[in-house]
Protein chains: 2
Amino acid sequence: MEHEDQEGAGEAAPAASTPTTGAPASSANPANPANMADVARVAGVSIATVSRALRDVPGVGDSTRERVREVAEQLSYVISPEASSLSRRETGRVAVVMPRIDVWFYSTMLSGLERALRAEGIDVLVYQVDGPAERGAFVRDLPARRKVDAVILAALPLSPEQRDRLDLLGVPMVIAGGQARGLPHVDVDDRAMARAAVERLVAAGHRDIAMVRTSDTDATTWDADLLRVAGYREALAAAGLEARPELLVTETYGVDAGTRAVERLLAVDRPPTAVFGYSDEIAAAVSVGARRHGLSVPDDLSVIGVDGHPMSELFGLSTMDQNVERQAEEAAGIAVRLIRGEPGTRSVRVRHRFVDRGSVQPPRPQD
Amino acid sequence: MEHEDQEGAGEAAPAASTPTTGAPASSANPANPANMADVARVAGVSIATVSRALRDVPGVGDSTRERVREVAEQLSYVISPEASSLSRRETGRVAVVMPRIDVWFYSTMLSGLERALRAEGIDVLVYQVDGPAERGAFVRDLPARRKVDAVILAALPLSPEQRDRLDLLGVPMVIAGGQARGLPHVDVDDRAMARAAVERLVAAGHRDIAMVRTSDTDATTWDADLLRVAGYREALAAAGLEARPELLVTETYGVDAGTRAVERLLAVDRPPTAVFGYSDEIAAAVSVGARRHGLSVPDDLSVIGVDGHPMSELFGLSTMDQNVERQAEEAAGIAVRLIRGEPGTRSVRVRHRFVDRGSVQPPRPQD
DNA sequence: TTGTAAGCGTTATCAG
DNA sequence: CTGATAACGCTTACAA
C-alpha cells in the first residue's frame, strides 16, 4: 500500500483509530444476547408478560408494559426471529424469484418489491434462477420451502408442470410482470402496448415498419415477446399494412445486435423508415446501429421502444413505459394481503404510458 | 392438465384437520407439513436418528439412513429452517445491504453475491438503504439483527459512529466495493484506476484533459469519488500538466448531465480534447452530449470511463473495468469463511482492467 | 448404532 | 392483568 492520504494532502489524517466510545454501556454481549427470560427476570415479571408487553398486545398494565420496555431497551434485547417464527408459524419473509438480478427490468422490480415489503416489515429473500437448468433445479428442490410466507415470481417463465410443482411450496404465490394459470398476477398489456407503439409510427405516416427483437440464448419462450409481436402485427393489420416477414428481424442478444439488425434491414428491398424495438435496450442498440450506418434518428429512421428504461432517456428515444415500480408495488400488495388472508387479491393490470422524446417523426418524403 | 400425482394421486384431499396421529396423508399437505416426528414414526426410529440420518452426520447405520431417507422423501418432508436455526444457533442467511438495487453497480454486485452464496447453500436477505435518512434508520433499528449469520455492506457510505453501531449486529461484516475501518473488505484501487485511465489520455497526446463527475442529491460523500478525483490529479501532475479547475466539472445527476457538462467544457478558454468520466454512465452521457454539440467521439473528443458497465460497450467507450462480479465473489467468500470461523479473511483488492474500445485517440492536430 | 431428554426462545392457552 | 405451561420442530450431549 503505497499511498496513504486521500486528498487532504498535507494534514496528517485524523485517523479515527481508537474505539472512541467506551464500553457500549450496559451489556450488548454479542456472544449471547439477552433473551426474554433475562428481561423477565430483571423486570420482575413473567416471560409471558414480557412477550405481551413487547408486542403491544392488550392485556398488560401500562406501568408494567413501560417497565418491561425499559428493561428490554437497557439490555438491548432483540427478539429472536427464529423462535418467534417457530412459535407463530410464520416467517416474516417473502421470497422473490427472478431469472436475473443484474438486468434493468428485474433490478427495478426487485427494488420496488423490497421497498414495498420493507414498509410492511417483511424481509426479502432473493433467488436468482437463471436459465432452464437452474429453473429445473429450483422447481425440483424448492429451496425456499418453509422459509417464507409467500413467493413472488418475477417474470419467471415456467412450464405447466413446473407451475404445478410450485404448489408444494405451500404458500401463496404472486406473479409480478407476467401470468401463470391460476395465480394472481400483476402485469401490463404487452399486446396493447406494442400495438400502441406501432400505431404511433403509423400515425406519423410510416408504411414500412420493422420490428426488432432478440432471441434468448436458451430456448426459453417469453410471453411478453410473443405478445409484443402480436401487437405489432395487429397494429399493421389495423392500418391495412402488409406484415412483411423480412421486416421482423430477430438477432441473438449481444452488443452488436442493433448494428446487425440495421444491416439486415437496410439490405431488404424496400427498407423500413421506422423501427419498433421489442425493448428499449434494443431500440437503443438499433439507434446506435443506425448512426453507424450514417442514418440519423429520427430524421432518417424513426425508432420507438418499450419499457421505460432510463437508457432511453439518454438516447432521446420515445418509449412505452411499463411502469415497473408500480407493478412491483401492486405485486407486493397482493402478496401481503394473501399472507394476511385479507381479500382483494385479484390480479392487477398496470397501465402503460407513452413517453414522447421525439424519436418518432414523419418519414422523409419519398422521391 | 395431467399433472396430478406426486405419489398418491386420486384421493380427494383430506383437508388439513386432524392434528396428530392421523396418517400424514402420504402427500404434501401444505397446511400441515410433516415434521421429524412424523418421519421418525413412519420409519420406526427415533427422531434423533432421523435428524442424524438426514444431515449426513456419522453415527447411523447405512440401512437405517436409507430407510429414513425414503420415508422423508415419501412424506415430502422438509426440515423446518426455523426450528433448525433456533436449535443450531445460526440462520443460514446473509444480509446484503446496499443503497440502491436498481443501479448497475449494485444490481451486478447483488447478482454476484447471490450466486456465490447460493452455491454455499446460504440464503440472501436484501436491504435497500437509500439516502441518509434510511441509513440512519437502518443503523438505529438494525432490522437485520438476529436474522443473519453475516452482513455484507455493498458500498454503503457510513460515518464512524454508524460504523461502530453496526457492531451491535453481533455478526461478522464485510464491505464489498469500499472500505471501512476495521472491517475486512473487497475493493478496487479507485485512485490507481483513475490514474491509469487518465494516463491513457496523456499517452495519446492530450494536454487538456477534463474530468466530469456528478454530485449526489443528498450530501453523501463517496470514497470512490474522492479517490478517482485524486487519481485524475495525480496523473496530470505526473505528466507535468496543470490541473485547471475549470476542467473538473461536477453536474447534478440527471439525464442531461452530460450535455450540460459538455456545454460548460466548451465554454472555457482552451476547451479539453479529452474527458475522463467518473463512471461509464457519465462517460456515455458526455459522449451523447458531445454528439449533440456536433462533436464526434473520438475524432473531436476522446472519452474514457470507469466501471465496465455494459452500456459502455454499446457506446463503444473505452473503460477501466472494475470487475464487480469478482468483487462480489471475493466478498461472499470472505463472509462464508468468517461464518465458518475459517482463516483467510483478509481484505482483497481486485484488479481492474482496461477495456479498449477505441474511444481514446490522439487529439486533432492543433492549428 | 440408536434412543432419551434437555435445551433453543417464543407464542398461546388456560387458570388464577 | 398476570403467570404457569404446553407447544413449535430440531440439535445434541448423554446413556444404553
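Bear in mind the structure is a predicted one, so any value in this text is a computation, not a measurement. A note on names: the letters A, B, ... follow the listed sequences, proteins ahead of strands, and every chain is numbered from 1. Keep in mind that the numbers below use all heavy atoms, side chains included, and drop hydrogens, waters and symmetry copies.
Axis angle across the helix from C:dT1-D:dA16 to C:dG16-D:dC1, with five pairs used at each end and values rounded to 10°: 40°.
Between the side chains of B:S107 and A:D102, no donor-acceptor pair is found at a separation under 3.5 Å. A donor-acceptor contact closer than 3.5 angstrom is absent between the side chains of B:E82 and B:S80. No donor-acceptor contact under 3.5 angstrom links the side chains of A:S63 and A:R67, judged on distance only.
Looking at residues two or more places apart in sequence or on another chain, you find a side chain to side chain contact (heavy atoms under 4.5 Å, CB included) between A:N35 and A:A37, A:D38. Not counting sequence neighbours, the partners of A:V42 by the side chain to side chain contact (heavy atoms under 4.5 Å, CB included) test are A:V71, A:L75. Not counting sequence neighbours, B:Y106 has no partner by the side chain to side chain donor-acceptor pair (under 3.5 Å) test.
Around the CG atom of A:D62, the shell of radius 6.0 Å holds no more than 12 heavy atoms that belong to other residues, nucleotides or ligands. Annotation: A:R326, atom CZ; neighbour count of heavy atoms from other residues, nucleotides and ligands within 6.0 Å does not exceed 12.
Using a 4.0 Å heavy-atom criterion, one finds that B:V45 contacts the sugar-phosphate atoms exclusively. At the heavy-atom level, B:G61 lies under 4.0 Å from the strands shown only through sugar-phosphate atoms.
Shortest non-hydrogen contact noted between A:I152 and A:A335 is CD1-CB, 3.9 Å.
Of all nucleotides in DNA chain C, those with any atom nearer than 4.0 Å to a heavy atom of chain A start and finish, going 5' to 3', at C:dG9 to C:dT13.
Using a 4.0 Å cut-off, no side-chain N or O of A:T49 falls inside it from OP1 or OP2 of D:dT2.
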Distances under 3.5 Å between nitrogen or oxygen atoms of protein and nucleotides 8-11 of chain D:
from	atom 1	to	atom 2	distance (Å)
D:dG9	OP1	A:R89	NH2	2.9
D:dG9	N2	B:A83	O	3.4
D:dC10	OP1	B:Y77	OH	2.1
D:dC10	OP1	B:S80	N	3.3
D:dC10	OP2	B:M36	N	2.5
D:dC10	O2	B:S87	OG	3.4
D:dT11	OP1	B:S84	OG	3.3
D:dT11	OP2	B:S51	OG	2.6
D:dT11	O4'	B:S87	OG	2.4

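Ion pairing between a basic and an acidic side chain is recognised when a charged N comes within 4.0 Å of a carboxylate O; A:R52 and A:D56 show no such pairing.
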